[in-house]
**Student:** 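Supplied in structure tokens, the structure appears directly below.
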Amino acid sequence: MSETLTRRYCVHGVAEAAARAHLVEGQSFEDAALQFVEHQHPLADAEGDVSLYVEDLETGERQCFRVDVERGEAEPCD
């Protein structure tokens with residue numbers, strides 16, 4: 001049996017205050033970043049990149065992702 005575990009993440013734009021973060025459930029940091037852009041980010045219909053901080057609410061680990069809005073792909077920030 002293969003169950004996919006989802007985790008809870010706090011996601012917000014790099015240029016935004018952490019107080020503007022949203023709770024997102026995802027299978028990974030990258031998945032949470034993509035879910036956020038798809039469903040909650042105001043620039044989701046824009047072209048270009050969006051940089052986001054994604055924090056695992058259970059472990060406190062935080063990662064940064066740059067999401068290509070047009071292609072729907074995420075990669076770690078430089």
**Student:** Considering only heavy atoms from C-beta outward, does the side chain of E61 approach that of F29 to under 4.5 Å?
**Tutor:** yes

**Student:** Looking at R7 and E58, is any side-chain nitrogen of the basic one under 4.0 Å from a carboxylate oxygen of the acidic one?
**Tutor:** yes

**Student:** Given F65 and E75, is the side chain to side chain contact (heavy atoms under 4.5 Å, CB included) satisfied, shown in steps?
**Tutor:** CA-CA 5 Å; F65 285 92; E75 61 184 38; 5.8 Å; no

**Student:** If we only count heavy atoms from C-beta on, is the E55 to Y9 side-chain gap below 4.5 Å?
**Tutor:** no

**Student:** Return yes if some donor-acceptor pair links the side-chain N/O of E16 with the main-chain N/O of G13 below 3.5 Å, else return no.
**Tutor:** yes

**Student:** Is the shortest side-chain N to carboxylate O distance from R66 to D78 below 4.0 Å?
**Tutor:** yes

**Student:** Apply the side chain to side chain contact (heavy atoms under 4.5 Å, CB included) test between V54 and each candidate in V11, D31, V24, L34; give the one that qualifies.
**Tutor:** V11

**Student:** Rounded to the nearest 0.5 Å, what's the gap from CZ on F36 to NE2 on H12? Could you check?
**Tutor:** 9.0 Å

**Student:** Just wondering, do D49 and V67 contact through their side chains at under 4.5 Å, heavy atoms?
**Tutor:** no

**Student:** What pairs meet the disulfide (SG to SG under 2.5 Å) rule with one or both residues in residues 5-38, with sequence neighbours excluded?
**Tutor:** none

**Student:** For R62, what residues pass the salt bridge (charged side-chain N to carboxylate O under 4.0 Å, His left out) criterion, not counting sequence neighbours?
**Tutor:** none

**Student:** Any non-hydrogen side-chain atom of C64 less than 4.5 Å from a side-chain atom of V14?
**Tutor:** yes

**Student:** Could you go step by step and tell me if Q27 and L5 meet the side chain to side chain contact (heavy atoms under 4.5 Å, CB included) rule?
**Tutor:** CA-CA 6 Å; Q27 297 173 2; L5 297 175; over 6 Å; no

**Student:** Please report the closest heavy-atom contact between H22 and R20, naming both atoms and the distance.
**Tutor:** CD2-O, 3.5 Å

